[in-house]
> 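Pasting a structure below so you can have a look.
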Amino acid sequence: MESFSQGVGPPYRIAVVGSGPRGLSVVERLAARLAGDPPAHPLEISLIDAVRVGSGRVWRPDQPEWFLMNTVAGEVSAFSGPADNGPARAGAGPSLAQWWNSVDPAGCPGPGGYAPRALHGRYMDYVLDTAERSLPPGTRLRRITASVTDLERTAGAYGLLLSDGTRLRADRVVLVTGHARPELTGQHKELAEFAATRPGLRYIAGDSAADMPLETLPAGSRVGVLGLGLAFYDVMAALTTGRGGSFAHAGPGRLRYVPSGDEPLLIAGSRSGMPLPARGRNQKHPDHRYTHVIFTAERVRRHSGRRPYDFRADILPWLMAEVELVYYATALRQRGCTAAAADFVAEAAAAAEAGLPAVAKIADRHGAGDLPRMDLDRLARPFEGRTFAGPAVFRETVTKAIDADLAHAERGNVDSPLKAALDVLRDSRALIRSFVDFASLHPASHRDDFIGWYGARSAFLAAGPPQHRLRQVSALLRCGLLRIAGPHTRFAADARLGRFVVSSPAVAGSTTAVDTVIDARIPSPDLARDPAPLTRHLIARGLWTGHRNGEGADAFTTGGVAVTDSPYHPVDRDGSPDTGLYVLGIPTEHTRWFMQGGSSRPGFWTDFVRDADAIAADALSGLPDTGPASR
């Protein structure tokens, strides 16, 4: 890099702590802005990560290839603009699918395929290298592999202490620290302590499956798996294909498992008793954007008579009307009633101008009244209220439910009425966030209706795995290496047996003793339970405080870091924003919603990129004024 003339002074320094997807996005936007408007003052960007600079821990390229993403590769981009006729650079570069095809054309299944997380990590390395090459003369990127263990305000700047003892000065600091490993509490602490006193038992806490000690589990041992969500599929893959087993085709849409003999027996369960349903076969262009017909911000605000909002009363009905609109319209089109579908949508849209439309009644008038209603509880808890005479009966029931879901998924996310409708939950995240973030909901509704009820159902119904993962579950159930205990699964320590036991109150005879319990759920962010030294010091210094919704009896501390609106400065113990600090992503979950999203779309800016760009712009605004060419 070229240097500036003497007398300009020390470089302006920006530190980005954490180099997962959001940290990378901030650096990419810094590079894009600097390339378009080079500063007249030296600038140094430090990207710091404890595990790997570029991909971070969760996406690191050295993890096994059987851990997959759950978003199709064509919809993923770490560049803030699509590739154009020029070279790849910050602000314009290939999507994950385009890059994958360029480096491995034989192995890339196309934009509708699902990439291994390790491959996405290599893509992130490529994006960081490209962003670094985009930096103008006088600006440099430092890659620092270390933990930041402490941060304090100094005179006009910030001092960072690294795990190797190095001290770093920065003018602005972006904290994007990602997934924490929270301290265990309650039942999980009891299970871990029970295992700690018995050499033959193991308790493995929730985390990325790539960081779990799964290789230590003996072949043939019985392993209880708590949770049937995305992390469950990772654990399942590691303990089957990761143990040398393989899946073979067994007819249209079916797989057969060929064991290696090195697998443990998995006994899994959750509240629903149903593995996370599959994503519909992708039929949408990577640049697809859904346009809401009924559920709009203007209508919700016009028809709600209260502030803060009540999620169930003010927001959910409009959201479900939109879901039902897509459900019935898709069904009518699939029946060949294209004109009826168009008339139905037009009538529902016109009715929405006057108030919340009765979508199901309108659908009935247009020939779709025979369809079952869209019910999030029924879909997310399909076995609720039922009892089963034994494990074999429940296995048959859950296998039929899996087959039914796969049939819907195979029809696709445009042609299946169910999967198309559930995609509305994904497509409405940004709109929902506008009514939820920053204590916009009444505290009781935020805690109970949104976090406690909707959050769980949305995650279950709108964030599923690829279809072939659910087919693998079905094959493992048939061969007996996987058992699902049943709904409302219980994991307990049995002192008399000296082992863990897994059971479902809904399935007679389901109690099974196991040697290991794996919590296959991604831990929910909670500032109070994060043991990381940096977090503890930020709280002790008053630089981070917990976000609190409301006052009085209904008030609660959400678990997220309290931040301002964009560009997301943390609010200190005095209630003031620290304008030299920024907090983005997972640490702010429950202050904002759905902060675990890990990428943007290739053809347009989502909130993911807008957040990163707002921080980049604000951080660069502090550059010293060094003359006419300065910012």
> Indicate yes or no: does K284 engage D423 in a salt bridge with an N to O separation below 4.0 Å.
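The answer is yes: the pair qualifies as a salt bridge.
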> Does K189 form a salt bridge (charged side-chain N to carboxylate O under 4.0 Å, His left out) with E183? I'd like the steps, not just the answer.
CA-CA 8 Å; K189 183 178 180 181; E183 295 172 342; over 6 Å; no
> I'd like to know if R181 pairs up with D207 as an ion pair, taking the criterion as any Lys NZ or Arg NE/NH1/NH2 lying under 4.0 Å from an Asp or Glu carboxylate oxygen.
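Counted as a salt bridge, because a side-chain N and a carboxylate O are separated by less than 4.0 Å.
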> For the atom pair CG (L538) and CG (D572), what is the distance rounded to the nearest 0.5 Å?
11.5 Å
> Can you tell me how far the CG atom of D314 sits from the NE2 atom of H442, to the nearest 0.5 Å?
11.5 Å
> Is it the case that R312 places NZ or CZ above or below the six-membered ring of W453, under 6.0 angstrom from the centre and within 45 degrees of the axis?
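Ring-cation test returns yes.
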> Cation over ring, R289 on F604, under 6.0 Å and within 45°?
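Yes, R289 and F604 form such a contact.
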> Do Y290 and E322 get their side chains close enough for a donor-acceptor pair, meaning under 3.5 Å?
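Yes, side-chain donor-acceptor contact under 3.5 Å.
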> List the steps, then state whether side-chain hydrogen bond (donor to acceptor under 3.5 Å, both in side chains) holds for S504 with T489.
CA-CA 5 Å; S504 167; T489 308; 5.4 Å; no
> Checking A528 now: which residues fulfil side chain to side chain contact (heavy atoms under 4.5 Å, CB included) with it, not counting sequence neighbours?
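Listed in chain order: D526.
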> Is any side-chain heavy atom of V561 closer than 4.5 Å to one of T545?
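Side-chain contact under 4.5 Å: no.
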> Find the distance between OH (Y114) and CG (L96) and round it off to the nearest 0.5 Å.
13.0 Å
> For the residue pair F438 and H547, is the inter-centroid distance of their aromatic rings smaller than 6.0 Å?
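Not under 6.0 Å, so no.
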> Verify, without hydrogens or angle tests, whether Q334 (side chain) and P417 (backbone) share a donor-acceptor contact under 3.5 angstrom.
no
> With side chains defined as the heavy atoms from C-beta onward, is the minimum distance between L584 and L175 less than 4.5 Å?
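Contact flag for L584/L175 side chains = no.
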> With F232, which residues qualify under ring-ring contact (aromatic ring centres under 6.0 Å, His included), at least two apart?
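Listed in chain order: nothing, the list is empty.
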> Could you grab the distance from atom OG of S304 to atom CD1 of I315, nearest 0.5 Å is fine?
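It is 7.5 Å, given to the nearest 0.5 Å.
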> Output, in order, the C-alpha distance, side-chain angles, deciding distance and verdict of salt bridge (charged side-chain N to carboxylate O under 4.0 Å, His left out) for D530 and R536.
CA-CA 8 Å; D530 182 353; R536 304 327 304 165; 5.9 Å; no
> Suppose the criterion is salt bridge (Lys or Arg N to Asp or Glu O under 4.0 Å): which pairs have a residue in residues 573-587, not counting sequence neighbours?
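The answer is R153-D578.
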> Working to the nearest 0.5 Å, report the span between CG of N413 and CG of N282.
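The CG atom of N282 is 5.0 Å from CG of N413, to the nearest 0.5 Å.
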> I'd like to check the salt bridge (charged side-chain N to carboxylate O under 4.0 Å, His left out) partners of E410; sequence neighbours left out, ordered by chain and number.
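So E410 forms a salt bridge (charged side-chain N to carboxylate O under 4.0 Å, His left out) with R281, R471.
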> Filter on salt bridge (Lys or Arg N to Asp or Glu O under 4.0 Å), then keep only pairs touching residues 354-379, sequence neighbours left out; what's left?
E324-R373, R335-D370, E347-R365, D377-R457
> Is the closest side-chain donor-acceptor distance between R333 and T338 under 3.5 Å?
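R333 vs T338: no donor-acceptor pair found between side chains.
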> Assess, by modelled atom type and distance only, whether the side chains of H292 and S428 contain a donor and an acceptor separated by less than 3.5 Å.
yes
> Going by heavy atoms in the side chains, are L534 and H537 under 4.5 Å from each other?
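Side-chain contact under 4.5 Å: no.
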> Determine, for K419 against D405, whether the closest basic-nitrogen to carboxylate-oxygen distance falls under 4.0 angstrom.
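Looking at K419 and D405, the cut-off is met.
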> Is a donor from one side chain sitting under 3.5 angstrom from an acceptor on the other, for H488 and E384?
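Indeed, the side chains of H488 and E384 share at least one donor-acceptor pair under 3.5 Å.
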> Is there a donor-acceptor pair under 3.5 Å between the side chain of D343 and the backbone N or O of H366?
no
> Without swapping roles, check the side chain of R299 against the backbone of G355 for a donor-acceptor pair under 3.5 Å.
no
> So do the side chains of R601 and F608 get within less than 4.5 Å of each other, counting heavy atoms only?
no
> With a sphere of 6.0 Å drawn around CZ of R271, does it hold more than 12 non-hydrogen atoms of other residues, nucleotides or ligands?
no
> Does Y233 have R469 sitting over its ring (NZ/CZ under 6.0 Å from centre, angle to axis within 45°)?
no
> By side chain to side chain contact (heavy atoms under 4.5 Å, CB included), which residues pair with S270, not counting sequence neighbours?
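In terms of side chain to side chain contact (heavy atoms under 4.5 Å, CB included), with neighbours along the sequence ignored, S270 is linked to L228, S272.
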> Less than 4.5 Å apart, any side-chain heavy atom of T177 and any of T535?
no
> Does H569 have its ring centroid less than 6.0 Å away from the ring centroid of Y582?
yes
> Can you check whether D618's main-chain N or O pairs, donor with acceptor, with R172's side chain at less than 3.5 Å?
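Yes, the answer is positive, given that a donor and an acceptor are paired below the 3.5 Å cut-off.
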> With a 6.0 Å cut-off (strictly less than), is the heavy-atom count around CZ of R529, excluding the residue itself, greater than 12?
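For R529, atom CZ is crowded (more than 12 foreign heavy atoms under 6.0 Å).
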> On a heavy-atom basis, which atom in L325 and which in V345 lie closest, and how many Å separate them?
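Between these two residues, the closest heavy atoms are CD1-CA, 4.1 Å.
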> What are the two closest heavy atoms between G91 and S80, and how far apart are they?
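That would be CA-OG, 3.4 Å.
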> For residues 585-599, which residue pairs pass the salt bridge (Lys or Arg N to Asp or Glu O under 4.0 Å) check, not counting sequence neighbours?
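For residues 585-599: D437-R592, R592-D611.
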> Step through the shown structure and confirm whether more than 12 heavy atoms of other residues, nucleotides or ligands are within 6.0 Å of CD on E551.
no
> Going by salt bridge (charged side-chain N to carboxylate O under 4.0 Å, His left out), name the residues that satisfy it together with R117, two or more places apart in sequence or in a different chain.
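Residues passing salt bridge (charged side-chain N to carboxylate O under 4.0 Å, His left out) with R117: D234.
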> Do the side chains of L230 and I522 get nearer than 4.5 Å, heavy atoms only?
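Sidechains of L230 and I522: no contact.
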> Nearest 0.5 Å please: distance from the CZ atom of R22 over to the CG atom of L24.
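Separation between the atoms: 12.0 Å.
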> Once salt bridge (charged side-chain N to carboxylate O under 4.0 Å, His left out) is applied, do any residues pair with R302, and if so which ones, sequence neighbours excluded?
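Residues passing salt bridge (charged side-chain N to carboxylate O under 4.0 Å, His left out) with R302: E298.
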> I want to check something: taking the side chain as every heavy atom from C-beta on, are S77 and S600 in contact at a cut-off of under 4.5 Å?
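They are not in contact (no side-chain heavy atoms under 4.5 Å apart), so the answer is no.
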> State which residue, out of Y454, F556, F311, fulfils the ring-ring contact (aromatic ring centres under 6.0 Å, His included) condition with H446.
F556
> With sequence neighbours left out, write down each residue that passes side chain to side chain donor-acceptor pair (under 3.5 Å) with R610, or none if nothing qualifies.
D607
> Taking only residues two or more places apart in sequence, or in another chain, which ones meet F383 in a side chain to side chain contact (heavy atoms under 4.5 Å, CB included)?
M274, R386, F388, F394, T397, V398, A401, P487
> Is the shortest side-chain heavy-atom distance between V473 and I402 below 4.5 Å?
yes
> Examine distances only and state if a side-chain atom of R541 and a backbone atom of L151 form a donor-acceptor pair shorter than 3.5 Å.
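Yes, the answer is positive, given that a donor and an acceptor are paired below the 3.5 Å cut-off.
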> Apply the test salt bridge (charged side-chain N to carboxylate O under 4.0 Å, His left out) to residues D613 and R33: give CA-CA distance (whole Å), side-chain angles for both, the deciding distance (0.1 Å), then the verdict.
CA-CA 9 Å; D613 185 66; R33 282 181 165 272; 2.9 Å; yes
> Please name all residues satisfying side chain to side chain contact (heavy atoms under 4.5 Å, CB included) with D519, sequence neighbours left out, ordered by chain then number.
H188, Y203, L226, R521
